[in-house]
**Q** 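Please read through the structure below; I'll follow up with questions.
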Amino acid sequence: MKSFEGPYDAYVGFDVGKLAHRACCVLTGGSVAFNVGVANDEAAIDRVLAEAAAHGRALAVVDQRRNIGTTVVRRARAAGVEVAYLPGIAASRASSLFPGDAKTDERDAEVIARTAMGVPQALRPVPEEGALEGARRLEAQRCDLLRDRTHCVNRLRALLLESNPAFERELDCEAAWALSLMSRVGGPWQVLDAGRRRYAALTRDAPRGAADRLWAALKAASRPTEAQVRAEATLVRMLASRIAEDTALIAELAALVEAEVGGDETYRCLLTVPGVGPRTAAQLVLSVDISDFEDHDHLASYCGLVPRNRQSGTSLNSVSSSRQGNKQLKNLLIFSCSCLARGSGYYREYYERCRDRGMPHKAAIKAVARKRLKVIYAVMRDVRPYVA
């Protein structure tokens, strides 16, 4: 990963905000050249960067590299000033090392600048806005819709569970036919009130036997109060429509992302790795600049697939699962290994060896993901298809 150990003559810490930023410039000797408010405006940011560059080689550091920090990053690069990213959680922890406990923009900007100067290892590179920037934005929106759909599905299941547990148990809340039924009719009691004939017409696309089991489940619970039934009618229709809409948008965005990254050679090579599908390959291409990682161990650390060692003298030496890293990428890499553990071949054999050593299922799956990451690193580094 890129090093920011300098030497630099000036460190400019930006505590970024929506309407305005706070910029603090700390010189190599430790003195503060300026600590001023800066409008979130290109001209104002350019003036601050020029003033910092007047002291020599400067490094601009932001605590958010996307969204409200984007303008600072772009203007710094346009001015020829190197730019780095100090994660917000790291800046918050570093703040406790400085005198005082006030929480002000002025103090936060100075903390960012002094941390960049004293602990350059805490800094992260800011990726260039390359050809895949459009795909990254599409993927970010798709992930946001996935979270929204999951929340709505959980809320819908909670409503149905309160109303009729048997109905909730038999219903696939993400199936197209079930969403169509609920968005047009409502919850279990509205379906029962609609009658068997209309129910049969609305469930023609249901899997064989599923509609009959669901109808039988409608009579397996007592009807709640009419006030609850009325509220359920509105909420179930609303949630079912939202889930269906999110599902359609997710599919549309997934197609757009695949079209954007489909021409990327690294993406095509990743699809040859066992267990890596279009979504995992796209996420790897969009999240990982392989040149930032010296070896597969550093990539595994970024993905959160390495253990965390905790040791104190000789009395304590334990290894526990790390909770750090890119959580979204970590989950994709782990979940995509489930099919490998169920299949045959090298990764299945490795999974069984892990289980024979006493590993629980989840730990064994994570070990398989770590083993496969070595292959992923080599494929991305060399841009060559995987060959068993």
**Q** For H361 and R355, work out which heavy atoms get closest and say how close.
**A**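 Closest approach of H361 to R355: N-NH1, 2.9 Å.
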**Q** Can R348 and E352 be counted as an ion pair, charged N to O under 4.0 angstrom?
**A**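 Salt bridge flag = yes for E352 with R348.
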**Q** Taking ILVMFWY side chains as joined if any heavy atoms are under 4.5 angstrom apart, and letting links pass through other members, which residues group with F98?
**A**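 L97, V111, listed by chain and number.
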**Q** Check step by step if ring pair (Phe, Tyr, Trp, His ring centres under 6.0 Å) holds for Y377 and F293.
**A** CA-CA 9 Å; Y377 177 82; F293 303 95; 7.8 Å; no
**Q** Quick check: is V375 connected to F335 through a chain of hydrophobic side chains (ILVMFWY, heavy atoms under 4.5 Å apart)?
**A**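 Cluster IDs for F335 and V375 match.
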**Q** Are the side chain of S336 and the backbone of L332 linked by a donor-acceptor contact shorter than 3.5 Å?
**A**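 Pair found, side chain donor or acceptor close to backbone of L332.
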**Q** Are side-chain heavy atoms of K18 and N40 found at a separation under 4.5 Å?
**A**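 A side-chain contact is absent here, since even the closest heavy-atom pair is not under 4.5 Å.
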**Q** I'd like to know if E82 and R57 make a salt bridge, using a cut-off of under 4.0 Å between side-chain N and carboxylate O.
**A**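 The answer is yes: the pair qualifies as a salt bridge.
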**Q** Run the salt-bridge test on R147 and D144 with the 4.0 Å N-O cut-off and return the result as yes or no.
**A**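 Yes.
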**Q** Do the side chains of L161 and R157 get nearer than 4.5 Å, heavy atoms only?
**A**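 R157 does not reach L161 side chain to side chain.
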**Q** Between the side chain of R107 and the main-chain N/O of G100, is any donor-acceptor distance below 3.5 Å?
**A**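 At least one qualifying donor-acceptor pair exists.
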**Q** Is R223 paired with D193 through a side-chain N to carboxylate O contact shorter than 4.0 Å?
**A**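 The answer is yes: the pair qualifies as a salt bridge.
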**Q** Between L253 and L145, is the side chain to side chain contact (heavy atoms under 4.5 Å, CB included) condition met? List the steps.
**A** CA-CA 10 Å; L253 287 170; L145 288 171; 3.5 Å; yes
**Q** Do L249 and L239 belong to the same hydrophobic cluster, where Ile, Leu, Val, Met, Phe, Trp and Tyr are linked whenever their side-chain heavy atoms lie under 4.5 Å apart, directly or via other members?
**A**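 No; tracing contacts between hydrophobic side chains, which count when under 4.5 Å, never links both residues.
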**Q** Hydrogens and angles aside, do Q228 and T225 bring a side-chain donor and acceptor to less than 3.5 Å of each other?
**A**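 Looking only at side-chain atoms, T225 and Q228 do form a donor-acceptor pair, the distance falling under 3.5 Å.
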**Q** Tell me whether Q190 contacts the main-chain N or O of G187 through its side chain, where contact means a donor paired with an acceptor under 3.5 Å.
**A**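 Checked: pair present.
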**Q** V288 vs L329, test: side chain to side chain contact (heavy atoms under 4.5 Å, CB included). Steps then yes/no.
**A** CA-CA 10 Å; V288 174; L329 188 55; 3.8 Å; yes
**Q** Is it the case that T203 and W177 place a side-chain donor and acceptor less than 3.5 Å from each other?
**A**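 There is no such pair between these side chains.
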**Q** Between R142 and E139, does any side-chain N to carboxylate O distance fall below 4.0 Å?
**A**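 Salt bridge present between R142 and E139.
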**Q** Is the closest basic N to carboxylate O distance between D46 and R75 below 4.0 Å?
**A**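 Yes, this pair counts.
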**Q** Do the charged groups of E226 and R230 touch, with an N to O distance under 4.0 Å?
**A**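 No, no charged N to carboxylate O under 4.0 Å.
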**Q** Taking atom types as modelled and ignoring hydrogens, do the side chains of D148 and H151 form a donor-acceptor contact shorter than 3.5 angstrom?
**A**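 No, H151 and D148 have no side-chain donor paired with an acceptor closer than 3.5 Å.
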**Q** Are L333 and I376 close enough that some pair of their side-chain heavy atoms sits under 4.5 Å apart?
**A**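 L333 vs I376: side chains touch.
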**Q** For T28 and D9, indicate whether the former's side chain and the latter's backbone hold a donor-acceptor pair under 3.5 Å.
**A**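 The answer is yes, because a donor-acceptor pair under 3.5 Å joins these two groups.
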**Q** Give the C-alpha distance, both sets of side-chain angles, the deciding distance and a yes or no for side chain to side chain contact (heavy atoms under 4.5 Å, CB included) between N326 and C303.
**A** CA-CA 5 Å; N326 186 322; C303 296; 5.8 Å; no
**Q** Examine distances only and state if a side-chain atom of R372 and a backbone atom of P274 form a donor-acceptor pair shorter than 3.5 Å.
**A**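 Answer holds: yes.
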**Q** How long is the span from the CG atom in L192 to the CZ atom in F167, to the nearest 0.5 Å?
**A**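 L192 CG to F167 CZ: 10.0 Å, rounded to 0.5 Å.
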**Q** Angle between ring planes, Y350 versus Y346, binned at 30° and 60°: parallel, tilted or perpendicular?
**A**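 If you compare the ring of Y350 with that of Y346, the planes turn out parallel.
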**Q** Do Y351 and L340 come close enough that some side-chain heavy atom pair is under 4.5 Å?
**A**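 No; the side chains remain at least 4.5 Å from each other.
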**Q** State, with a plain yes or no, whether a side-chain heavy atom of N164 is found less than 4.5 Å away from one of W189.
**A**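 In short, these two side chains touch, coming nearer than 4.5 Å.
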**Q** How long is the straight-line distance from OG of S287 back to CD of Q328, given to the nearest 0.5 Å?
**A**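 Between atom CD of Q328 and atom OG of S287 there are 6.5 Å.
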**Q** Would L27 and L59 show up in the same hydrophobic cluster when neighbours are defined by side-chain heavy atoms closer than 4.5 Å?
**A**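 Different hydrophobic clusters.
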**Q** Classify the angle between the aromatic ring planes of F14 and H21 as parallel (below 30°), tilted (30 to 60°) or perpendicular (above 60°).
**A**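 Geometry flag for H21 against F14: perpendicular rings.
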**Q** Quick check against the 3.5 Å criterion: does S180 have a side-chain atom that pairs as donor or acceptor with the backbone of A176?
**A**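 Between the backbone of A176 and the side chain of S180 there is no qualifying donor-acceptor contact (under 3.5 Å).
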**Q** Count the heavy atoms belonging to other residues, nucleotides or ligands that lie under 6.0 Å from CZ of R242, then report whether that count exceeds 12.
**A**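 Open: at most 12 neighbouring heavy atoms sit under 6.0 Å from CZ of R242.
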**Q** To the nearest 0.5 Å, what is the distance between CZ on R342 and SG on C339?
**A**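 Reported value, rounded in 0.5 Å steps: 6.5 Å.
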**Q** Identify the two heavy atoms, one from P188 and one from L218, that lie closest to each other, and give their separation to 0.1 Å.
**A**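 Answer, listing the atom of P188 first, then L218: O-CD2, 3.3 Å.
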**Q** Is L160 close to L171 at the side-chain level, that is, under 4.5 Å between some pair of heavy atoms?
**A**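 L171 reaches L160 side chain to side chain.
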**Q** So, for G13 and A113, which heavy atoms are closest and what is the spacing to 0.1 Å?
**A**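 That closest heavy-atom pairing would be N-CB, 3.7 Å.
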**Q** Out of curiosity, D105 CG to K103 NZ, how far, rounded to the nearest 0.5 Å?
**A**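 The CG atom of D105 sits 6.0 Å away from the NZ atom of K103.
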**Q** Once rounded to the nearest 0.5 Å, what's the spacing between atom NZ of K366 and atom CG of L373?
**A**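 These two atoms lie 13.0 Å from each other.
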**Q** Is there a path of hydrophobic side-chain contacts, each under 4.5 Å between heavy atoms of I/L/V/M/F/W/Y residues, joining M117 to L86?
**A**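 Per the 4.5 Å side-chain linkage, L86 and M117 are co-clustered.
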**Q** Are V36 and V81 connected, step by step, through hydrophobic side chains (Ile, Leu, Val, Met, Phe, Trp, Tyr) whose heavy atoms are closer than 4.5 Å?
**A**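 No, no single cluster joins them.
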**Q** Taking the side chain as everything from C-beta on, heavy atoms only, tell me whether L156 gets closer than 4.5 Å to C173.
**A**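 Heavy-atom side-chain distance check passes, below 4.5 Å.
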**Q** Any side-chain heavy-atom pair from R279 and V257 closer than 4.5 angstrom?
**A**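 The answer is no, as the side chains (C-beta and beyond) never meet within the 4.5 Å cut-off.
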**Q** When you check the gap from the basic side-chain N to the acidic O, do D108 and R22 get nearer than 4.0 Å?
**A**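 Salt bridge between D108 and R22, a charged N being under 4.0 Å from a carboxylate O: no.
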**Q** Between V12 and A52, which heavy-atom pair has the shortest distance, and what is it?
**A**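 Closest pair (atom of V12, atom of A52, distance): CG2-CB, 3.3 Å.
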**Q** Any donor-acceptor pair under 3.5 Å linking the side chain of S95 with the backbone of A91?
**A**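 Judged by distance alone, no pair lies under 3.5 Å.
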**Q** Write out all pairs satisfying side chain to side chain donor-acceptor pair (under 3.5 Å) with one or both partners inside residues 265-274, taking only residues at least two apart or from two chains.
**A**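 As it turns out, the side chain to side chain donor-acceptor pair (under 3.5 Å) pairs with a partner in residues 265-274, which skip direct neighbours, are E265-R268.
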**Q** Given the ring of Y85, does R124 sit roughly above its face, with NZ or CZ under 6.0 Å from the centre of the six-membered ring and within 45° of the axis?
**A**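 The answer is no, since R124 fails at least one limit relative to Y85.
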**Q** Quick check on R204: does its CZ atom have over 12 non-hydrogen neighbours (other residues, nucleotides or ligands) under 6.0 Å away?
**A**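 For R204, atom CZ is not crowded (no more than 12 foreign heavy atoms under 6.0 Å).
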**Q** Taking T70 for its side chain and N67 for its backbone only, find out whether a donor-acceptor pair lies under 3.5 Å.
**A**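 Here the side-chain-to-backbone pair exists.
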**Q** Would the distance check show the side chain of R384 and the main-chain N or O of A378 forming a donor-acceptor pair, the cut-off being under 3.5 Å?
**A**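 Flag not set: sc R384 to bb A378 has no pair under 3.5 Å.
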**Q** Show the nearest heavy-atom pair for residues G186 and V191, with the distance to one decimal.
**A**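 Reported closest heavy-atom pair: O-CG2, 4.0 Å.
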**Q** Does A211 offer a backbone N or O that forms a donor-acceptor pair with the side chain of Y199 under 3.5 Å?
**A**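 It does hold such a pair.
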**Q** Below 4.0 angstrom, N of the basic side chain to O of the carboxylate: do E133 and R136 qualify?
**A**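 Between R136 and E133 there is a salt bridge, with a charged N closer than 4.0 Å to a carboxylate O.
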**Q** Could you give the distance from CD1 (I112) to CG (D63), rounded to the nearest 0.5 Å?
**A**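 The distance works out to 4.0 Å.
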**Q** Should we count CZ of R184 as having more than 12 external heavy atoms under 6.0 Å?
**A**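 No, the 6.0 Å shell around CZ holds no more than 12 heavy atoms from other groups.
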**Q** Can you give me the closest heavy-atom contact between A221 and P165, atom names plus distance?
**A**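 Distance-wise, the nearest heavy atoms are CB-CD, 4.4 Å.
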